[in-house]
Colleague: 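Please read through the structure below; I'll follow up with questions.
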Amino acid sequence: MIKIYYISQSKGDADLPEYFHHISADRVINDTPDDADCFVISLSSHDTAYKLISVIRKNPKKSIYLIPVYFITPAEEDSFSNINKSMFDSVFYSHGITKYIADKIYEASAPLIKRIKELPESVDTVISLKIIKFIYIRGRVLTPEMTSENIHGFIYPKIKLFLKKNDYSFFKMLDFLESNNLLRGEFHDIAHFCPTCDSAFLNFREICTNCGSPDLKAEDLIHHFKCANIGPESEYRYNDVLNCPKCNENLKHIGVDFDKPGMVFTCSSCKNIFQEPKTDSKCYNCKSVNPTENLQKRFLKKYILTSLGENAALHGLDSLFRSVIQEDIPIIPYKIFKRILSAESERIKRYSKSFSTIAFFELTQIDKIYTELGANAKTIFTELSNIIKSILRTSDFITSVNESVFITILPETDIKGAYTAIERLKKQVGNLIKNNTNLDISINSKVLPIDGIKSAELILKEILE
Amino acid sequence: MESFIKDIITFIQGKTALELFSIFWFYLVFDFTRYVLFDSVMLIVFILKRPSLKKENEKLKKELFTSKPLLTVMAPGKNEGKHIPGLVKSLENQTYKNFELIIIDDGSDDDTECICKELYQKGKIDLYLRNKIRGGKASAANLGLKYAKGKYIVHLDADTELRSDALEKIIVPFLGSDRVGAIGGDLRVFNSSDSITSALQGIEYMKTITTGRTVNSMLNILRIISGAFGAFRKDVLDRIGGWDVGPGLDGDVTIKIRKLGYDVIHEPESIAYTNVPIKVSKLAKQRYRWDKSLIRFRVRRHKDIILLRYKNLSLRNFWAVFDNIFYNLILNLKWWVYIIQITIFMTSILKYILVINYLLYFFSNILEYIFAMILMGKTIRKKDLMLLLYLPLMPFYASFYLRIIRSYAYLMEYLFKTSFVDPWNPWKVSKQTLDLENQINKKEKNKTK
């Protein structure tokens, strides 16, 4: 059964399904509950609604920021811009919730809720990860909309609320995600931006080729066939007729006795004559004037989540390697690893017959594999995983401290044997990286004996130092 | 061969002076008198006057470089883009720098627009005007005139290359007299070594432009300022409303300037080089177009001069048009009469007549070539000297080839007004111009009635 929190001014919305639970706006703003599957806001105040959805989306908890939010408003549909509509999962135009709307919400939210639940619990503070997860849940597509709300003239409404107000670094962030093959950009439109302040609000002007003044007079040229006279239309204009100033004949039909072979611009400031004016742009925001060729031309893209992006949504931006390696090798949680280490240490202390070792290895710059190879990174990670698997025995225990740091217990292995294993690991990883990438990835390693004297905590502290 | 020469000598010795005159009257009365005798006298006068002219010009040159009037150099044309960089370069080398360059693109459909825009952006062209729809040479020139800022207009063909002092020298005479309305530059053939056709035109230009126009200018009967290189006072061009629809607009505009009472002169020291057709067929087309203008403009449009109806008619204007009509039209017809005369009535001695005529014309051409060389002085190029080799072909070129084209052009224009359907102008322009011509004719007929 799903749980929908319902934020409404009135308490009298009768006949609500049992999965609708009333909650106050203040409660959501001050302490957003993380047990909701969906929020439904039914308020006449759009400002409060925006505030609520903003609080929800800005929350780092996956169980809060990802969940669907619906808005029921008594306002007319026209009063909503596409951007404002797109911030919510859906907007209903009604004076309150009805059974029809409740059913619709249930129907629409169910698949979203299901997908959200498939994702592991997380607290995501990295905005790019939040965006990836958000669009993974919602159709995998991010489409820009034109707007006058910001100086760029466009916005991605779905992710608007993840960003701080007036934070326009999302261009770079989306470019970064695209360059890392997490998103695939498709042409949507093209736009010009002020090179000084990045504003899209530009006044394009035709200007004089000589003095740059926009005060121009444009006139058609008229060519009178009979006498070969040619000049601006104003010279022919006499009352309401066109009369040739050279031969004094009235012009009759364009194409028959005269034509208009071109235009001429006259600058009111410097009297310069020309046919093709220059163009410049004046920025509404910073007032700077720039030739059009100096403007920043940018392709506005529609972004589509790639399979690598999906992977990142499921496993996090940094844990692709970990998710791959986990398919082949049972990586045990750090806590359990610590207990096993403690038991092994006790065993050696008691029997004083065995030699076990603990080895630490760290793959440096593993993130660069990700950046350089994009979608192909998974292949390398699989190969890396196979190498580690071939070197470790089934009796060995392995845990990961983070994406690139691994610790392993090698039972009944002396220091020499542990070094040999680590050296083989280094050599094989080195060959793999050298043959497939231009990166310089090395392995830092450390080996310590489990002698039964030091506690598990002390051993781990020493090895991680 | 030897016996044939002996026969010719015997033939000449056997005739009295009167008999010889009756056979070779055409050459002796017209060609020799006008182009050899008269030109040589005028040339001697010119050479005698030259030192004082030079002195005067030096004074005017100083005045020019003090007052530095703005010139507008304009080159109208269609699909002339490939020539524009060369034109720009030859203008950059000019001794006189105070000019603006206007290029008028008359609806080019090649890369002219790209070439010109690039030069305009680099500041090599001051104004680039483009008619998206072709309107013909006259309207293109008038567009340039409309936006010209200069006191004087220098009209060029895009493929004209100027000597470094050409602009300075073509403007100087304007400063000498307010009566001067237009000045023609001395056009020479740039590609005279490209073919026999262009070499023959090289000699022709030396005779008709360097010598011919210098003499006409001295007599103040110059009737054409070539569009390939001519200078005009802007106020004068404005008064006559610029150019009218051609072909033959250069001659027309010159006559209109003369009608206003201005002098039109030739400046042999202001030199420009132009490219001429290298193929016989292309030359025939060009001359056919040019020659029609004598009927269209001199005989029809400006007949008020020859019929003495023009109210401000001056003797020199009458003489300018008369000289043109007489030597080109009437003598051309007379030449056919002469050919018929010797073919029918002197059949037995035809071969002697033709050979002697050839020798006489050859002799004339040598003399005319020498006259031109004297006028060209230090500006003679090696190419010009090499033209000497082609002089034996000149009698055939001038007496037969050019005369046949000219006669045909006159006939076609007179009978069918073929210049009004010449593809040189857009058809809609030609149609309107023909309608205008017919309207004028109708009005005149009604007046006469």
Side-chain angles (χ1 to χ4, degrees), chain A residues 207-212 216-237 242-268 270-280 291-294, chain B residues 72 76 100 102-107 113 116-117 120-121 123 125-149 237-246 249 252-253 420 425-440:
Chain A
I207 55 162
C208 173
T209 53
N210 180 45
C211 70
L216 307 178
K217 187 182 174 193
E219 279 196 273
D220 280 327
L221 285 172
I222 287 184
H223 166 212
H224 186 213
F225 297 159
K226 275 184 188 171
C227 67
N229 190 57
I230 188 163
E233 190 170 339
S234 58
E235 289 186 4
Y236 286 81
R237 187 65 63 189
L242 292 171
N243 181 273
C244 178
K246 181 175 169 182
C247 65
N248 205 28
E249 187 170 309
N250 285 349
L251 309 189
K252 294 176 189 81
H253 304 289
I254 189 162
V256 176
D257 60 341
F258 74 97
D259 62 17
K260 294 181 175 182
M263 272 187 98
V264 157
F265 291 81
T266 310
C267 173
S268 304
C270 70
K271 308 297 171 205
N272 185 31
I273 307 284
F274 50 95
Q275 280 189 307
E276 286 203 0
K278 282 184 185 172
T279 50
D280 74 1
T292 47
E293 59 271 23
N294 287 2
Chain B
T72 295
E100 59 167 3
I102 302 178
I103 302 293
I104 308 102
D105 175 355
D106 190 26
E113 190 179 1
C116 291
K117 277 184 178 171
Y120 176 69
Q121 277 159 8
I125 294 173
D126 295 288
L127 182 56
Y128 169 62
L129 295 166
R130 175 171 162 78
N131 284 335
K132 286 178 186 164
I133 311 163
R134 186 168 81 98
K137 188 104 177 199
S139 68
N142 286 338
L143 182 60
L145 177 64
K146 170 66 61 188
Y147 294 107
K149 292 178 192 151
L237 280 178
D238 285 339
R239 273 184 71 188
I240 58 170
W243 287 265
D244 282 347
V245 180
L249 64 170
D252 175 52
V253 86
F420 292 94
N425 281 319
W427 68 269
K428 54 190 179 182
V429 171
S430 294
K431 187 182 175 300
Q432 287 292 317
T433 322
L434 183 60
D435 287 350
L436 178 72
E437 186 84 3
N438 291 337
Q439 274 173 25
I440 294 168

Colleague: Can you tell if the side chain of B/N142 reaches within under 4.5 Å of the side chain of A/H223, non-hydrogen atoms only?
Modeller: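 Not touching, per the 4.5 Å side-chain cut-off.
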
Colleague: Using every non-hydrogen atom in the two residues, find where A/L221 and B/Y147 come nearest and quote the distance to one decimal.
Modeller: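 Of all heavy-atom pairs spanning A/L221 and B/Y147, the closest is CD2-OH, 3.6 Å.
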
Colleague: Tell me which of these, B/T433, B/D126, B/L143, B/L436, has more heavy-atom pairs under 4.5 Å with chain A than the rest.
Modeller: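 Most heavy-atom pairs under 4.5 Å with chain A: B/L143.
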
Colleague: Hey, which of A/T209, A/N272, A/V264 has the most heavy atom pairs under 4.5 Å with chain B?
Modeller: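 Of the candidates given, the most pairs with chain B belong to A/V264.
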
Colleague: Against chain B, label A/K278 side chain, backbone, both or neither, depending on which of its atoms sit under 4.5 Å from a heavy atom there.
Modeller: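 Answer is neither: A/K278 stays 4.5 Å or more from chain B.
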
Colleague: Does this structure show an ion pair linking B/D244 with A/K246, if we count only N-O contacts that are shorter than 4.0 Å?
Modeller: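 A salt bridge links B/D244 with A/K246.
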
Colleague: Is it the side chain or the backbone of A/P232 that comes within 4.5 Å of chain B heavy atoms, both, or neither?
Modeller: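 When you check distances to chain B, atoms from both the backbone and side chain of A/P232 fall under 4.5 Å.
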
Colleague: Between B/L249 and chain A, which part of the residue has a heavy atom less than 4.5 Å away: side chain, backbone, both or neither?
Modeller: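 Interface part for B/L249: neither.
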
Colleague: Could you check if a side-chain atom of B/K428 sits within less than 4.5 angstrom of a side-chain atom of A/D259, using non-hydrogen atoms only?
Modeller: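 Side-chain contact under 4.5 Å: yes.
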
Colleague: Can you say whether A/I273 sits under 4.5 Å from chain B via the side chain, the backbone, both, or neither, judging by heavy atoms?
Modeller: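 When you check distances to chain B, atoms from both the backbone and side chain of A/I273 fall under 4.5 Å.
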
Colleague: For B/K117, which atoms come within 4.5 Å of any heavy atom of chain A: side chain, backbone, both, or neither?
Modeller: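 Just the side chain, heavy atoms under 4.5 Å.
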
Colleague: Which region of B/Y128, side chain (C-beta onward) or backbone (N, CA, C, O), has a non-hydrogen atom less than 4.5 Å from a non-hydrogen atom of chain A, or is it both or neither?
Modeller: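 For B/Y128, the backbone is the part near chain A, not the side chain.
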
Colleague: With a 4.5 Å cut-off on heavy-atom pairs, point out which of B/E437, B/K132, B/Q121 contacts chain A the most.
Modeller: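 The candidate making the most pairs under 4.5 Å is B/K132.
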
Colleague: I'd like to check A/I230 versus B/N131 (side-chain heavy atoms, cut-off strictly below 4.5 Å). Are they in contact?
Modeller: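 The answer is yes, as the side chains (C-beta and beyond) meet within the 4.5 Å cut-off.
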
Colleague: Looking only at non-hydrogen atoms, find the nearest pair between B/Q432 and A/V256 and report the distance.
Modeller: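 Smallest interatomic distance, heavy atoms only, reads NE2-O, 3.1 Å.
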
Colleague: Heavy-atom cut-off 4.5 Å, strictly under: side chain, backbone, both or neither for B/L129 against chain A?
Modeller: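 Both parts, heavy atoms under 4.5 Å.
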
Colleague: Taking the side chain as every heavy atom from C-beta outward, state whether A/K226 and B/Q439 have any atom pair closer than 4.5 Å.
Modeller: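 When only atoms from C-beta onward are counted, B/Q439 and A/K226 do touch, with a gap below 4.5 Å.
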
